[in-house]
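Below you'll find the structure I mean.
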Amino acid sequence: DVKVTQSSRYLVKRTGEKVFLECVQDMDHENMFWYRQDPGLGLRLIYFSYDVKMKEKGDIPEGYSVSREKKERFSLILESASTNQTSMYLCASSKSGGNQPQHFGDGTRLSIL
Amino acid sequence: GNSVTQMEGPVTLSEEAFLTINCTYTATGYPSLFWYVQYPGEGLQLLLKATKADDKGSNKGFEATYRKETTSFHLEKGSVQVSDSAVYFCALSDNYTGFQKLVFGTGTRLLVSP
């Protein structure tokens with residue numbers, strides 16, 4: 001089975017801190033994604049990557065950056081955390097090609113105080 | 001742009017009742033359609049998918065048929081169980097982008113009581 005592992009289930013940080021969320025997948029998938037999930041808004045795509053060192057902005061990239069130095073690892077960075085970034089963050093991965101499903105981690109619930 | 005609209009929740013049912021969760025979409029091209037399920041405290045899991053018009057996806061007793069004429073992909077189950085209580089997300093994938101980006105609906109919470 002595909003395993004997507006997010007480094008923390010719960011995280012509490014302070015306004016202005018630099019925050020790193022880590023995601024690792026073990027199935028050699030080319031594509032990796034970061035979403036945030038908020039009540040009433042569903043999942044919104046922040047950034048995605050289709051190869052090592054490659055990244056593309058999603059629908060809501062402002063205030064975030066990403067890093068993909070190795071194929072299995074995709075990091076989400078909040079450069080200067082703000083309270084409106086309190087949310088559930090979900091990482092996903094998929095193989096390249098058509099109609100490939102995305103496989104999700106269990107999520108990180110991030111609170112910015 | 002592409003979008004997915006789901007019925008508002010929560011949907012509250014008794015065990016063994018019939019379930020329908022409505023999903024309609026707006027898209028250019030010919031997207032693939034998916035249903036994902038999120039159990040409490042977990043990430044999303046793929047429940048079923050359909051890749052072209054009139055395809056029926058099915059899994060664990062759930063079914064959905066890709067209806068191009070009504071741009072719909074409604075999720076159905078004949079007899080729900082308490083263990084089906086979860087949030088269900090409808091999503092579409094634009095095959096032309098080449099990157100398998102998914103557009104999700106807002107999710108529908110299902111509560112099944114014994």
Side-chain angles (χ1 to χ4, degrees), chain A residues 1-10 21 23-25 27 29-51 54-61 68 74 88-109, chain B residues 1-10 21 23-25 27 29-53 55 57 59 64 66 73 86-109:
Chain A
D1 272 356
V2 175
K3 186 71 174 174
V4 178
T5 303
Q6 294 185 229
S7 53
S8 304
R9 291 299 301 273
Y10 301 94
L21 302 183
C23 175
V24 176
Q25 51 95 4
M27 284 302 292
H29 284 172
E30 290 80 13
N31 301 328
M32 296 188 75
F33 307 82
W34 274 107
Y35 297 89
R36 62 177 284 176
Q37 182 180 9
D38 299 289
L41 297 176
L43 274 74
R44 293 179 291 168
L45 182 64
I46 304 171
Y47 267 97
F48 64 101
S49 168
Y50 53 91
D51 202 351
M54 306 304 291
K55 60 184 179 183
E56 293 282 339
K57 292 180 179 179
D59 300 316
I60 52 163
R68 191 155 181 214
F74 192 36
M88 171 70 86
Y89 289 87
L90 292 168
C91 176
S93 71
S94 72
K95 290 177 65 64
S96 61
N99 306 321
Q100 297 295 331
Q102 293 185 14
H103 301 267
F104 285 80
D106 286 339
T108 295
R109 186 166 294 282
Chain B
N2 296 345
S3 65
V4 174
T5 302
Q6 288 182 239
M7 60 191 293
E8 292 276 341
I21 299 178
C23 170
T24 56
Y25 67 90
Y30 302 94
S32 295
L33 300 173
F34 303 84
W35 276 101
Y36 282 81
V37 58
Q38 185 179 34
Y39 298 104
E42 299 183 12
L44 277 67
Q45 303 173 24
L46 178 67
L47 182 59
L48 53 84
K49 69 177 185 181
T51 58
K52 61 183 187 297
D55 266 3
N59 186 25
Y66 189 164
F73 192 54
V87 181
Y88 293 81
F89 291 91
C90 185
L92 67 81
S93 171
D94 185 350
N95 292 328
Y96 290 135
T97 65
F99 295 126
Q100 282 292 296
K101 285 173 64 177
L102 290 179
V103 176
F104 286 88
T106 54
T108 302
R109 183 176 298 278

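Convention: sequence-line order gives letters A, B, ...; per-chain numbering from 1. Scope of the values below: all heavy atoms of this structure, side chains included, with no hydrogens, waters or symmetry mates.
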Checklist line | Partner chain A: residue of B/Ala91, B/Gly41, B/Gly9 with the largest heavy-atom pair count (under 4.5 Å) | finding: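 Greatest number of close heavy-atom pairs with chain A: B/Gly41.
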Next item on the list: Go through B/Val103, B/Thr106, B/Val4 and name the one with the most non-hydrogen pairs under 4.5 angstrom from chain A.
Entry: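 Most heavy-atom pairs within the cutoff with chain A belong to B/Thr106.
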Item checked: Interface moiety of B/Leu46 toward chain A, non-hydrogen atoms closer than 4.5 Å ->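 When you check distances to chain A, only side chain atoms of B/Leu46 fall under 4.5 Å.
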Notebook entry, point to check: Is it the side chain or the backbone of A/Leu43 that comes within 4.5 Å of chain B heavy atoms, both, or neither?
Noted result: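 Both parts, backbone and side chain.
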Check: Any side-chain heavy atom of A/His103 within less than 4.5 Å of one from A/Pro101?
Finding: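 In short, these two side chains touch, coming nearer than 4.5 Å.
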Next item on the list: Could you check if a side-chain atom of A/Arg68 sits within less than 4.5 angstrom of a side-chain atom of A/Phe74, using non-hydrogen atoms only?
Entry: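 A/Arg68 vs A/Phe74: side chains touch.
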Next item on the list: Take the angle between the ring planes of A/Phe33 and A/Tyr35 and call it parallel below 30°, perpendicular above 60°, tilted in between.
Entry: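 Parallel: the ring planes of A/Phe33 and A/Tyr35 meet at under 30°.
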Note to self: Shorter than 4.5 Å, heavy atoms on both sides: which option in B/Glu42, B/Gln6, B/Gln45, B/Glu8 has the most such pairs with chain A?
What the structure shows: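 Most pairs with chain A among the choices: B/Glu42.
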Check: Would a 4.5 Å heavy-atom cut-off, applied to side chains only, mark B/Gln38 and A/Gln37 as touching?
Finding: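 In contact.
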Check: Which region of A/Arg9, side chain (C-beta onward) or backbone (N, CA, C, O), has a non-hydrogen atom less than 4.5 Å from a non-hydrogen atom of chain B, or is it both or neither?
Finding: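 For A/Arg9, the side chain is the part near chain B, not the backbone.
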Notebook entry, point to check: Any sub-3.5 Å donor-acceptor pair from B/Ser32's side-chain atoms to B/Ser93's backbone N or O?
Noted result: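 No; zero donor-acceptor contacts below 3.5 Å.
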